[in-house]
Amino acid sequence: MSNLVSLEQRGALAILRIDNPPVNALSPAVVQGIKAAVDRFEANPSMRALVVCAAGRTFVAGGDISEFSKPDFTTEPFNTTLNRIENLGRPVVAVLHGTVLGGGLELAMACHYRIAAPSTRLGLPEVLLGILPGSHGTQRLPRLVGVKQALNMMLSGRPIGADRALQAGLVDALAEGDPDAAAVQFMEGLVAAGKGPRRTGERTVSMEDVEPDFFETMLDEVKTKKGAYPAPQRIVHCVEAAATLPLLQGQGVEARLFEECRVSPQSEAMRKLFFAEREATRIPGVAENVAPRPIRKVGVIGAGTMGGGIAMNFANADIPVVIIETSQEALDRGLGIVRKNYENTAAKGKLAPGEPARRMGLLTGSLDFQDLADCDLVIEAVFENLDIKKQVSQRLGAVCKPGAIIASNTSTLDVDVLATASGRAADFLGMHFFSPANVMRLLEIVRGAQTAPDVLATIVRLAKTIGKVPVVSGVCYGFIGNRMLESYLRESEFLMMEGASPAQIDRAIQSLGLPMGPCRMLDLAGLDVAAKVVIERGKAGALPADPSYRAVVQKMMELGRFGQKTGFGYYRYDGRTPVPDPEVETICIALAEKYGIARRTGITDQEIIERCLYPLVNEGARILEEGIAYRPGDIDLVWVNGYGFPDYRGGPMHLADTIGIAKIAGRLDHYAQLRGDQHGYWSISLLLAFMAERGLHFRDWPIKPEN
Ligand code: T1G
């Protein structure tokens with residue numbers, strides 16, 4: 001037997017235990033070990049029943065994702081063993097705890113009975129990796145819980161709790177206390193009751209409450225909502241096969257469609273993001289075993305849109321929050337918006353009825369900074385102005401207790417300047433949330449020059465607690481995301497002055513899979529907000545010596561065209577619906593004339609994509625060169641979780657690899673020739689040039705340009 005899988009006999013029972021830390025992933029060795037254990041069980045009739053369980057913090061959390069890109073990867077050996085387990089002549093019970101996901105739940109469903117610890121979560125999250133359950137999950141789950149519940153679980157990828165699993169018939173009992181003892185007791189009960197194997201595969205899928213055109217409707221729905229993803233449609237086909245074909249034929253359909261997903265570029269991109277998310281928590285210079293500081297109470301300065309959203313994240317994680325405002329009226333308004341937000345979510349059935357009140361109970365409003373004195377972390381989310389933020393940082397440095405962490409939600413300003421103002425630079429860092437802060441998953445953590453390692457480790461860990469994807473950035477203008485966004489917005493404005501309409505620009509960018517293009521995005525965020533950032537940078541002398549630089553957004557603000565909130569910006573708005581506005585073209589024609597920019601027709605979508613995306617990738621390479629970001633994967637996480645970049649494209653750096661680094665470098669050079677490069681907009685970063693010359697890709701990271 002391998003040390004990853006053991007088979008122990010206890011009286012008439014055999015205990016098959018998987019032990020492959022940290023999450024008992026089904027590596028080839030584990031799959032081999034399970035097969036060997038089943039061989040031994042089959043060969044030993046004195047073993048009257050089999051208990052399948054796992055050591056450590058969780059039962060099997062799925063197939064080993066790191067194996068899926070291997071050309072010879074196959075689910076066949078594991079699947080054969082699953083059918084053998086199901087067809088055993090003696091009862092088999094799976095004892096579940098932790099997160100029973102993917103192949104782990106499929107193993108459990110091949111067993112005849114399932115008992116679970118009350119805190120167990122069960123799910124088939126494969127769709128989040130761009131694949132579908134490939135070990136009979138699409139065939140056995142509908143037989144156990146019905147078509148609708150099964151599709152809901154497989155199309156959302158969300159796990160369900162043990163209670164719901166019990167109600168749904170996915171598990172047979174909840175096991176309090178020692179799982180082994182519970183298993184022995186459960187099996188002895190079975191044997192005493194003379195109950196034998198109960199094969200899920202022999203069940204038929206109940207079509208009782210299923211409309212005749214159900215699968216057709218579902219297919220249309222997923223094609224509309226998730227057309228760019230290979231897996232959802234195939235999941236519907238697999239479940240339809242489960243409902244209409246015998247088990248083995250259904251398994252055949254599943255195996256074929258699983259393979260189509262596995263080898264798809266979309267799944268490769270999404271799997272890469274899975275590991276990038278884990279890798280992003282490793283911070284150079286911060287040991288993995290640094291003890292985090294305790295965060296039991298949080299303070300938030302500012303109850304505006306960002307402050308309110310930030311506070312909700314902590315209340316959602318049961319961490320009490322003090323929210324500070326300058327006036328009672330502002331405080332009441334801010335807390336009122338948070339309450340409304342919770343009530344709306346509950347009204348949609350996404351929060352239990354009592355939850356809005358309970359979470360509001362964790363939020364305390366105050367006008368007094370002294371009420372922050374016992375907070376472990378304080379985040380300032382005041383107006384994006386350097387002087388105001390310096391004053392607030394200074395006050396926090398004075399009022400916060402020793403050991404408290406002080407953070408700024410600035411999206412652009414110099415965190416080291418704010419850290420110095422606080423007088424506690426080692427306890428200071430940036431926590432850049434994205435609007436709406438209670439929804440967007442990204443948390444850009446800005447590491448100051450003096451931020452202490454335990455402060456970083458604390459906030460990276462806290463990010464996971466509040467359901468965020470942490471990415472650490474060094475200090476520079478706009479950190480990782482907004483810095484790369486700058487060139488993307490610059491080119492979108494030049495394209496408008498040259499003759500492309502906002503609608504054409506947005507359509508071209510949306511063809512990449514982004515939910516909206518730059519014009520619609522800024523209209524939503526507010527053209528006044530965007531213009532003020534440019535003007536502030538101009539005052540700080542941080543803009544190129546180009547009078548036409550970001551001239552369109554500044555003109556829009558001048559004309560009071562702030563975007564959706566004023567009913568017109570790059571578009572005119574009919575409610576929330578953007579409508580092309582010929583007035584914008586008039587404005588751009590005038591600006592083009594003012595700055596001597598030639599207008600032209602026939603600007604292609606491809607040119608728009610190249611001029612918006614390639615400089616963004618080039619800036620990403622510069623950010624890697626400077627060590628502002630530690631890995632290309634970190635940059636991809638920023639764009640996927642903060643800017644709506646489609647996960648099935650893996651992020652801009654992954655997409656650049658699929659386009660080809662040499663091609664991108666060539667096109668940057670092309671535009672430098674075509675447009676002139678007096679302002680360095682098209683100058684190729686050292687890293688990108690180095691990679692292009694040597695045929696390297698971002699996936700070859702780490703790359704040192706000098707050698
Ligand atoms: N394969 C390989 N490595 C995995 C893994 C997996 N399935 N799950 C986790 N890891 C690694 C992870 O990279 C990290 O490594 C460490 O374990 C701890 O993870 C046929 C084919 C289980 C909820 O999609 O959702 O089954 O960084 O930091 O926050 O149908 O991990 O320490 O080196 O995330 O406590 C389906 C994926 C696979 C579940 C735990 N299963 N995992 O979260 O720890 S497809 C999944 C998770 C499948 C079959 C198909 C989470 C977790 P390192 P962690 P965590």
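Computed from a prediction, not measured in an experiment: that's the story for all the values here. In what follows, residues are counted from 1 in the order of the sequence shown. In each ligand, atom 1 is the first atom listed, and ligand 1 is the first ligand listed.
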N/O pairs closer than 3.5 Å, ligand 1 and protein:
unit_1, atom_1, unit_2, atom_2, d
ligand 1, 1 (N), Gly63, O, 3.3
ligand 1, 1 (N), Ile65, N, 2.9
ligand 1, 7 (N), Gly63, O, 2.9
ligand 1, 26 (O), Gly63, N, 2.7
ligand 1, 26 (O), Gly103, N, 2.8
ligand 1, 27 (O), Arg282, NH2, 2.9
ligand 1, 29 (O), Lys464, NZ, 3.2
ligand 1, 30 (O), Glu106, OE1, 2.6
ligand 1, 30 (O), Glu126, OE2, 2.7
ligand 1, 30 (O), Gly134, N, 3.0
ligand 1, 32 (O), Arg282, NH2, 3.4
ligand 1, 33 (O), Arg282, NH2, 3.1
ligand 1, 34 (O), Arg278, NE, 2.8
ligand 1, 34 (O), Arg278, NH2, 3.0
ligand 1, 35 (O), Arg57, NH1, 2.7
ligand 1, 41 (N), Ala61, O, 2.9

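With Phe73 as the aromatic partner, Lys70 does not meet the cation-pi criteria of under 6.0 angstrom to the ring centre and within 45 degrees of the ring axis.
Ionic pairing of Asp318 and Arg358 is present here: one or more N-O contacts between side-chain nitrogen and carboxylate oxygen are shorter than 4.0 angstrom. Of the charged side-chain nitrogens involved, none lies within less than 4.0 Å of a carboxylate oxygen, so that Glu254 and Arg234 do not count as a salt-bridged pair.
Take Phe698 and apply the ring-ring contact (aromatic ring centres under 6.0 Å, His included) test, not counting sequence neighbours, and it matches no residue. Partners of Phe214 under the ring-ring contact (aromatic ring centres under 6.0 Å, His included) rule, at least two apart in sequence or in another chain, do not exist in this structure. With sequence neighbours excluded, no residue forms a side chain to side chain contact (heavy atoms under 4.5 Å, CB included) with Pro515.
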